[in-house]
Amino acid sequence: MPELPEVETVRRSLEPAIGATLASLWTSGKPLRLNRPIPKAKLKALVGRTITALRRHGKYLLVDLNGPSSLLVHLGMTGSLRLHDAKDAREAHTHVVIGLGDGRELRYADPRRFGQVDVFERAREHEHPSLRVLGPDPYASTVDGDYLFERSRGRGTTLKSFLLDQANLAGVGNIYAAEALWRAKLKPTRRARRLTRVEAAALARAVRTSFDEALAHGGTTFSDFVDGSGQAGENAEYLVVYGRAGQPCRRCKSPIRRTIVQGRATYFCPTCQLS
DNA sequence: ATCACGACCTGGAGGC
DNA sequence: TGCCTCCAGGTCGTGA
């Protein structure tokens, strides 16, 4: 579910939590991704801190608190981070509840438990195992055609895998890889090393255009994505290729094709995305 | 080092 | 109604 536009939508929707103070903490006791336990003691130590800012890098949401620490949240496939009234019934698969002491609660829920919740020291942010390996956020000024061109030299993998590799660009997932490749008129199975400088520039623009559109529509919801206030996104209606197998290409009317590339559903237009 | 693949986990959809 | 199989927005460990 949540790729960069969805995580950014969550980030924006949680801004009303800035200024709130962490007052209590509850965890389910169930482990998340890689069977790793939620660091309850580190989270408990944050009680008394105030939320000062909400940031995002790629698909990671960073909640800054006064003092040296921040909270890291990754939504995995099915995670949600929502502001609730403390009186609201707790939804199934809730794993972290942070009481804000003002009648509100920040709740992390994640049915599949592919997500991540952690605490880190901001001064050592770049050393965090999950953040350390990330490439630049596609909205960073350093990301342009030249960056993608240089980065793709000597890479024998497909463009699709290249885009999904968070070490290259942080934030692209399976939906927007397909969307961006369609916009740039590039075939998902094209080898990254074959990208020309002109194509790389088109791809950099295409990634951002796809994200801009999705953001304007509040993100893509298929079944379970919601923002911090529980609102679903409308972007599924506007997708150009993802999930549109058999439907006409929005450029040339050819039926969109679905294939599997490296184990993941891949949508493209066989006419527009010839190479 | 790079790359492809399967595993992780739950729930929903569809077939019988 | 049940039971089975397949599929899903992400990441990471393994082995070639």
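Note that the coordinates shown come from a computational prediction; the quantities given were computed from them, not determined experimentally. Letters go in sequence order (proteins before strands), and every chain restarts at 1.
- A:Ser70 and A:Arg122 are linked by a side-chain donor-acceptor pair at a separation below 3.5 angstrom, with hydrogens and angles left out of the test.
- At the heavy-atom level, A:Gly115 lies nowhere under 4.0 Å from the strands shown.
- The CG atom of A:Leu164 sits 14 Å away from the P atom of B:dC5 (whole-angstrom rounding).
- The backbone N or O of A:Ser130 sits less than 3.5 Å from a side-chain atom of A:His128, completing a donor-acceptor pair.
- Between the CD1 atom of A:Ile260 and the C1' atom of C:dC7 there is a distance of 10 Å, given to the nearest Å.
- Across every non-hydrogen atom of A:Phe162 and A:Thr157, the tightest pair is N-CG2, 4.0 Å.
- Between the C1' atom of C:dT14 and the CG atom of A:Leu34 lies a distance of 13 Å, rounded to the nearest Å.
- Ring pair A:Tyr238/A:His217 is parallel by interplanar angle, where below 30° counts as parallel and above 60° as perpendicular.
- Among the protein residues, A:Arg193 comes within range of no part of the nucleic acid, since none of its heavy atoms lies under 4.0 Å from any strand.
- For A:Arg33 and C:dC12, the shortest distance from a side-chain N or O to OP1 or OP2 is below 4.0 Å.
- With its ring centre under 5.5 Å from that of the base six-membered ring and a plane angle below 30°, A:Phe114 counts as stacked on B:dC8.
- Residues A:Ser229 and A:Arg82 have side chains that never bring a donor and an acceptor to within less than 3.5 angstrom of each other.
- By the ring-ring contact (aromatic ring centres under 6.0 Å, His included) test, A:Tyr139 is found to be paired with no residue, residues two or more places apart in sequence or in another chain being considered.
- Phosphate contact (OP1/OP2 of C:dT11, side-chain N/O of A:Gln166, threshold under 4.0 Å): present.
- The separation of C:dC12 from B:dG11, taken at their C1' atoms, amounts to 23 Å, rounded to a whole angstrom.
- When heavy atoms are screened at a 4.0 angstrom cut-off, A:Gly263 is found touching no nucleic acid atom at all.
- Per the geometry, CD belonging to A:Gln116 stands 7 Å off P belonging to C:dC12, to the nearest Å.
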Go ahead and write out DNA chain C as dot-bracket, 5' to 3': ( ) for pairs within the strand, [ ] for ones crossing earlier pairs, | when the partner sits on another strand, dots for unpaired; Watson-Crick or G-U wobble, both distances under 3.5 Å.
.|||||||.|||||||

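- Within a 6.0 Å sphere centred on NZ of A:Lys44, other residues, nucleotides and ligands contribute 12 heavy atoms or fewer.
- In this structure, A:Tyr242 has its ring center closer than 6.0 angstrom to the ring center of A:Phe222.
- C:dT5 and B:dA7 are spaced 15 Å apart, taking the P atom of each and rounding to whole Å.
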Could you list, one pair per line, each protein nitrogen or oxygen that sits under 3.5 Å from a nitrogen or oxygen of nucleotides 10-14 of chain B, together with the distance?
| unit_1 | atom_1 | unit_2 | atom_2 | d |
| --- | --- | --- | --- | --- |
| B:dT10 | OP1 | A:Arg113 | NH2 | 2.8 |
| B:dT10 | O3' | A:His93 | NE2 | 3.3 |
| B:dG11 | OP1 | A:His93 | NE2 | 2.6 |

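- A:Leu163 places its CG atom 13 Å from the P atom of C:dT11, with the value rounded to the nearest Å.
- Distance alone, capped at 3.5 Å, places no donor-acceptor pair between the A:Lys187 side chain and the A:Phe268 backbone.
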